[in-house]
Amino acid sequence: HSCTKLEYLDISGTGVTDLGLAEIATRCLQLYSLDVSGCENLTELSISACRSNLKQLKILDLTDCYGVVFGSGEDGEEVLYPGLVAGNEE
């Protein structure tokens with residue numbers, strides 16, 4: 001099944017895995033806001049799937065997603081998903 005019209009999804013604090021988030025990223029293509037804060041099982045693999053598939057995504061909350069490691073931009077800023085409002089507090 002697909003969720004083609006879903007724009008906002010909050011699955012914070014769940015045990016969602018990379019496989020589960022990648023599945024969401026292939027089915028919910030209209031997502032604008034995705035909250036996965038506190039989902040400790042996620043890594044860059046699922047975030048990459050989001051980057052590839054979720055062209056409408058503007059808000060991605062990664063707060064307390066300790067498996068996701070941010071890269072470093074030119075100015076030393078944390079960069080994972082350019083153009084996105086993202087959080088990942090340590």
Side-chain angles (χ1 to χ4, degrees):
H1 297 269
S2 65
C3 42
T4 57
K5 296 184 180 185
L6 188 66
E7 294 180 358
Y8 301 92
L9 182 61
D10 181 346
I11 52 174
S12 59
T14 65
V16 68
T17 62
D18 282 336
L19 184 61
L21 186 55
E23 188 69 21
I24 289 169
T26 60
R27 296 178 181 264
C28 303
L29 301 178
Q30 295 302 312
L31 278 179
Y32 175 86
S33 175
L34 177 59
D35 185 349
V36 292
S37 59
C39 295
E40 298 179 2
N41 297 323
L42 299 179
T43 68
E44 295 85 11
L45 294 174
S46 55
I47 304 308
S48 178
C50 289
R51 182 183 309 127
S52 297
N53 296 309
L54 301 176
K55 304 301 183 191
Q56 305 301 316
L57 193 65
K58 298 295 179 203
I59 301 170
L60 176 61
D61 190 344
L62 296 168
T63 304
D64 296 332
C65 292
Y66 300 113
V68 178
V69 178
F70 286 89
S72 184
E74 294 175 12
D75 299 327
E77 293 181 21
E78 291 182 339
V79 175
L80 180 65
Y81 202 133
L84 220 59
V85 176
N88 188 354
E89 299 173 356
E90 296 183 29

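In this chain, numbering begins with 1 at the start of the sequence shown.
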In short, Asp35 meets Asp61 closest at the heavy-atom pair OD1-CB, 3.6 Å

Shortest non-hydrogen contact between Cys65 and Ser37, atoms and distance: SG-CA, 4.2 Å

Carefully, step by step, assess Cys28 and Cys3 under the rule disulfide bond (SG atoms under 2.5 Å apart). CA-CA 5 Å; Cys28 303; Cys3 42; 1.9 Å; yes

Any donor-acceptor pair under 3.5 Å linking the side chain of Ser52 with the backbone of Ser48? yes

Asp18 (side chain) donor-acceptor with Thr43 (main chain) under 3.5 angstrom: yes

Is there a side-chain contact (heavy atoms from CB on, under 4.5 Å) between Leu45 and Leu19? Walk through the geometry before answering. CA-CA 9 Å; Leu45 294 174; Leu19 184 61; over 6 Å; no

Side-chain donor-acceptor distances from residues 5-13 under 3.5 Å, at least two apart:
{"from": "Asp10", "atom 1": "OD1", "to": "Ser12", "atom 2": "N", "distance (Å)": "2.9"}
{"from": "Asp10", "atom 1": "OD1", "to": "Ser12", "atom 2": "OG", "distance (Å)": "2.6"}

Step by step, work out the side-chain contact (heavy atoms from CB on, under 4.5 Å) result for Leu42 and Thr17. CA-CA 6 Å; Leu42 299 179; Thr17 62; 5.6 Å; no

Please report the C-alpha distance between Leu29 and Thr4 in whole Å, then the side-chain angles of each, then the deciding distance to 0.1 Å, and finally whether the side-chain contact (heavy atoms from CB on, under 4.5 Å) criterion is met. CA-CA 6 Å; Leu29 301 178; Thr4 57; over 6 Å; no

Going by side-chain hydrogen bond (donor to acceptor under 3.5 Å, both in side chains), name the residues that satisfy it together with Asn41, two or more places apart in sequence or in a different chain. none

Residues at least two apart in sequence or cross-chain that pass side-chain hydrogen bond (donor to acceptor under 3.5 Å, both in side chains) with Ser33, listed by chain then number, are none

Leu31 versus Ile24: any side-chain heavy-atom pair under 4.5 Å? yes

Atom NZ of Lys55 and atom CD of Gln30: how far apart are they, to the nearest 0.5 Å? 12.5 Å

Taking side-chain contact (heavy atoms from CB on, under 4.5 Å) as the test, write out the residues that go with Ala25, two or more places apart. Ala49, Cys50, Asn53, Leu54

Are Tyr32 and Ile59 close enough, and set up right, to give a side-chain contact (heavy atoms from CB on, under 4.5 Å), and what steps lead you there? CA-CA 6 Å; Tyr32 175 86; Ile59 301 170; 3.9 Å; yes

